[in-house]
Every structure is written in structure tokens, then in C-alpha cells.
Amino acid sequence: MPSQPRKARYIDPFHPDEIRRLVREFGSPLLIVDCARVRAQFRKLRKALPGVDLHYALKPMPHPAVVETVVDEGGFLDLATTGEVQLVARLGISPERCIHTHPIKRDEDIRNAVHFGVRTFVADNPDEIRKFERYARDVRLLIRVSFRSPGAVCDLSRKFGCDPEDVLALARLAAELGIDVRGLSFHVGSQAIDSAKHVEAINACAKLIAAARRERLGTFDTLDIGGGFPIEYMQPVPDIGRFCAPIRAALAQLPKRVRVIAEPGRYIVGPAAIGVASVMGRAKREGHWWYYLDDGLYGSYSGQLYDHARYPVVPLRNGSERLPSVLAGPTCDSIDVIAENLMLPKLEAGDLIVGQAMGAYTWASASEFNFFPRATVVSVNSKPGDLGTVTPFPL
Ligand SMILES: *Cc1c(COP(=O)(O)O)cnc(C)c1O
């Protein structure tokens with residue numbers, strides 16, 4: 001009897017034994033990306049937003065294994081730079097799965113993306129629309145609208161997006177230049193606390209789309225509801241199904257012909273990775289144990305500055321006695337402190353510290369300040385039996 005190929009057992013790379021094994025094999029600091037968790041996140045969001053095409057925004061974690069996992073799940077991509085276009089092109093992914101959503105581009109960025117085969121772009125002002133005149137036959141636009149969101153941790157509607165009152169004038173300009181406007185997009189801000197802003201923006205866009213269609217200003221058959229879907233760091237957040245329920249209700253009011261897409265970044269990849277750092281040395285200062293790690297605010301923990309995130313940190317060592325402790329990064333800068341006033345067991349050089357929910361806006365914004373190298377990224381479970389693959393990056 002021919003032997004059945006053994007089905008690869010799922011090994012959880014976030015289990016302490018696996019973390020230790022991966023660090024032995026790939027070194028420290030390490031960012032462990034679990035593609036099984038990327039899949040799970042993607043599926044949860046797809047279930048919470050049925051009928052919405054999910055374009056993964058590469059920016060929070062532009063890693064090939066994440067991109068390929070999303071595409072493998074039937075997902076789409078949201079590109080914003082020539083570098084991201086090149087990454088996707090090298091992976092052999094069809095440009096039909098991609099949109100380009102940076103509202104401000106150089107001509108060469110547009111040219112590179114058009115040359116790759118991207119057709120849908122975003123603009124939010126007259127100058128940017130005029131840049132597309134020479135590509136009018138090849139492209140269609142989404143007009144990005146701004147809905148201010150002072151409540152969001154990162155309000156993305158301050159830097160980009162036009163006032164809702166300006167949408168029709170921009171659509172008229174595009175029509176005069178022979179450029180088709182396919183619809184509207186917005187981004188209410190990352191890590192939204194609730195979905196009220198999404199709902200308000202969807203309702204406002206529905207009215208604008210109807211007005212533009214009455215004036216026959218373009219196809220206007222697409223609404224892009226952006227990203228912003230929250231994940232749990234130190235504070236609990238609503239379950240994604242509950243978060244999206246009001247969004248589903250608002251989308252149900254749209255005319256059937258309007259295709260809805262979204263651009264999730266953080267939600268797809270944030271919970272799918274952990275950061276692992278090692279204690280390089282320690283010192284007792286004013287009654288507190290200071291532990292100096294080989295990753296910090298200039299590295300994977302850069303999100304604590306740029307993204308205003310706080311990652312739950314746990315040592316892999318157990319111990320009943322807990323002492324007041326500080327976790328610091330490796331550089332010689334005094335700002336490079338990850339967490340203070342922690343109660344931790346007494347740690348030793350070589351002990352491992354795990355930062356949770358570190359997939360989004362962490363490694364992507366890390367630097368090599370002081371010549372401390374960025375964490376190695378190892379992807380696991382990208383296919384059955386994948387126990388850890390380091391992809392040279394950039395590819
Ligand atoms: C960063 C970004 C996203 C991803 O946002 P998340 O809050 O991480 O989901 C989506 N779209 C655009 C245009 C972005 O700039």
C-alpha cells in the first residue's frame with residue numbers, strides 16, 4: 001500500500017519551545033511572522049465584511065511571505081510606492097490584484113505602476129488629477145475624501161484627502177481631461193476606536209456618488225473604505241465582527257452596482273508576528289533592574305514612537321519573585337527605553353523577551369541607528385511544514 005504523505009502538523013511558532021528553537025537557528029533579535037495567523041486574520045475580516053474585496057496595504061509589513069499569503073487567500077493588494085510595486089512585480093503577482101493609493105506621486109511613480117499594469121490610482125486635488133492626463137486611456141481614479149478623525153490614534157485624514165464639498169469639482173475636472181473616476185476612497189485613521197467614522201464616511205460618500213452619477217461625471221461604481229481596523233495591544237478592542245456590524249449595515253444601503261473594497265493593513269499582520277529580543281546585559285540602578293535588549297525603539301519597537309503603540313512584553317523566564325524592572329533598547333540614546341515600572345523575574349544575559357502583536361508598523365519603520373542591525377524576519381507556516389524561512393530583504 002503506498003504510504004500517504006504525512007499531513008504536516010501545525011506547529012505554533014509562538015510557543016516558548018518554538019521561539020527558543022527559532023532563535024537558536026536564526027539568531028536574535030528576531031521577528032517571527034506566522035503566516036497561519038495572517039490567514040486567520042484575513043479570513044476573520046473577510047467574514048466580518050462579506051462581499052468586500054480586501055486589499056492588504058503593504059506599508060505596515062512589506063514582507064513577501066505576508067503578501068503571498070494574502071494573495072493565496074484570494075486577497076488583493078494596496079500599493080503606495082515604487083518600491084512596493086517592484087516587490088509585488090518580483091513576486092510575479094498579477095497587477096490586476098493591485099491598486100495604487102498614494103494621493104501624491106511623482107510622474108515616475110505613476111509611470112512605474114502603470115508600466116507594471118496597475119490601473120486604479122488615487123488623487124485628492126487638481127494638480128494630482130492633471131498628472132493623469134497623459135495616462136487617461138490607461139487609468140481610472142478614486143478621489144480620496146477626508147473625514148477628520150481626531151479620535152483615531154493616527155488621524156490619516158489630516159494629511160490627505162479633499163473636503164467632501166470639493167469632490168464634484170474634482171470629478172468635473174477629471175471628466176474634462178477624459179479621465180474616468182471610478183469612485184471614492186477614504187481612510188478614517190489607523191487603529192480606530194469604533195466604527196462610527198467609517199459609517200459616517202460611507203453615508204457621506206453614498207450621497208456624493210449619487211450626485212456624481214446624476215451629473216454623469218464618471219463611472220462612480222467603487223467605494224474604498226480604507227483601513228483602520230483595530231487590534232488588541234494593551235487595551236482590549238471589540239471583536240472584528242462586532243466592530244464591522246455598523247459598517248455592514250451602512251454598506252447594505254448602497255446601490256447594488258457599487259463595488260466595495262477595503263485596505264486593511266494592521267488588522268491582517270499586527271497579531272501575526274512577535275518580536276523576540278535577548279538581554280545583552282543588566283544593571284541595578286536606583287532599586288530597579290535595568291535590562292538592555294538587542295532590540296529597541298530604534299528597531300522593532302519604533303512603532304512605540306511612530307505608531308503610538310504599546311506592545312505587551314513578556315519574558316520567557318518564569319520565576320516567582322518579581323522585581324521592579326526596566327526594559328531598554330541597545331543604543332546609546334536615553335530615549336531608547338521600551339518599558340518601565342514592570343514587575344519581572346530576575347533576568348540574565350541571554351534571556352529572551354517577547355513583544356506581542358508586533359507585525360504592523362514595527363520592523364517596517366526600524367532603523368539601524370548605532371549600527372544595531374534590524375531584527376531578522378523569519379516567516380513560518382507559509383506552506384504546510386514550513387518551520388522557518390528567512391527571505392533576504394529587500395528581495
Ligand atoms: C497605511 C494605510 C492603510 C492601512 O491602514 P491600517 O490602519 O493599517 O489598516 C490603508 N490605506 C492607506 C492609503 C494607507 O496609507
Side-chain angles (χ1 to χ4, degrees), residues 38 41-42 44-46 48-49 52-63 66-67 70 75-85 88 97-105 109 113 118 120-125 128 141-147 149 151-162 183-195 197-198 201-202 205 222-233 237-238 240 243-244 247 260-273 302-303 306-309 311 357-365:
V38 172
Q41 290 298 107
F42 184 89
K44 274 194 279 183
L45 188 55
R46 191 168 51 192
L49 291 174
V52 177
D53 283 339
L54 303 180
H55 287 253
Y56 170 62
L58 267 66
K59 168 176 96 233
M61 176 45 107
H63 192 278
V66 177
V67 172
V70 166
F76 300 81
L77 301 172
D78 168 10
L79 313 177
T81 63
T82 290
E84 292 177 359
V85 168
V88 168
R97 304 197 85 81
C98 305
I99 58 175
H100 191 294
T101 63
H102 201 308
I104 307 289
K105 301 158 288 296
D109 299 316
V118 176
T120 304
F121 290 82
V122 166
D124 68 0
N125 69 84
E128 199 69 19
L141 296 183
L142 300 174
I143 295 177
R144 177 148 161 188
V145 195
S146 159
F147 300 95
S149 187
V153 180
C154 310
D155 181 1
L156 284 174
S157 277
R158 188 170 85 91
K159 184 165 171 182
F160 298 119
C162 69
L184 303 179
S185 79
F186 60 80
H187 194 306
V188 299
S190 210
Q191 187 71 3
I193 41 171
D194 60 42
S195 46
K197 266 285 156 190
H198 286 91
I202 291 165
C205 285
T222 304
L223 176 60
D224 177 349
I225 65 170
F229 308 99
I231 64 165
E232 186 167 323
Y233 292 104
V237 297
I240 194 66
F243 181 90
C244 290
I247 298 179
V260 182
I261 66 180
E263 306 166 351
R266 181 192 310 276
Y267 186 81
I268 301 296
V269 76
S302 55
Y306 297 127
D307 190 39
H308 315 289
Y311 312 103
M358 286 190 68
Y361 306 109
T362 54
W363 179 84
S365 55

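For the single chain, residues carry numbers from 1 onward in sequence order. Whatever order the structure lists them in is the order used to number ligands and atoms, beginning at 1.
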Can you find an N or O of S190 that's nearer than 3.5 Å to an N or O of ligand 1? yes
Quick one: does Q41's side chain have a donor or acceptor within less than 3.5 Å of a partner on Y267's backbone? yes
Geometric N/O contact G265 with ligand 1, under 3.5 angstrom: yes
For the backbone of E84 and the side chain of T81, can you confirm whether one donor and one acceptor N or O come within less than 3.5 Å of each other? yes
Specify whether F147 and F186 have parallel, tilted or perpendicular ring planes, treating 30° as the upper limit for parallel and 60° as the lower limit for perpendicular. perpendicular
Quick one: which ligand 1 atoms are inside 4.0 Å of a heavy atom on G227? 9 (O)
Select the closest option to atom 5 (O) of ligand 1 among R266, E263, H187, judged by heavy-atom distance. H187
Does P60, backbone or side chain, put an N or O under 3.5 Å from an N or O of ligand 1? no
What are the atoms of ligand 1, with element, lying closer than 4.0 Å to any heavy atom of Y361? 1 (C), 4 (C), 5 (O), 6 (P), 8 (O)
Whether the side chain of S302 engages the backbone of T362 through a donor-acceptor N/O pair (distance < 3.5 Å, no angle test) should be reported. yes
What atoms in ligand 1 come closer than 4.0 Å to a heavy atom of T101? 13 (C)
Atoms of ligand 1 less than 4.0 Å from A57 heavy atoms? 3 (C), 4 (C), 10 (C)
Out of all atoms in ligand 1, which are within 4.0 Å of some heavy atom of G228? Include the element for each. 6 (P), 7 (O), 9 (O)
Counting only N and O atoms by type, is there a donor-acceptor contact under 3.5 Å from the side chain of H102 to the main-chain atoms of L79? no
Contact between ligand 1 and F160 is defined here as a heavy atom of the residue under 4.0 Å from a ligand atom; is it met? no
Does ligand 1 have an atom that lies less than 4.0 angstrom from a heavy atom of P264? yes
Taking only non-hydrogen atoms of D78 and a 4.0 Å limit, the atoms of ligand 1 in range are 10 (C), 11 (N), 12 (C)
Could you tell me whether ligand 1 has any atom less than 4.0 Å away from a heavy atom of R144? yes
Heavy-atom distance under 4.5 Å between the side chains of I231 and Q191, does that happen here? yes
R266 side chain to P230 main-chain N or O, any donor-acceptor pair under 3.5 Å? no
Minimum side-chain heavy-atom gap F121-E128 below 4.5 Å: no
Residue list, side-chain hydrogen bond (donor to acceptor under 3.5 Å, both in side chains) with D109, at least two apart or on another chain: T82, R106
Subset of ligand 1 atoms that lie under 4.0 Å from at least one heavy atom of K59: 1 (C), 2 (C), 3 (C), 14 (C), 15 (O)
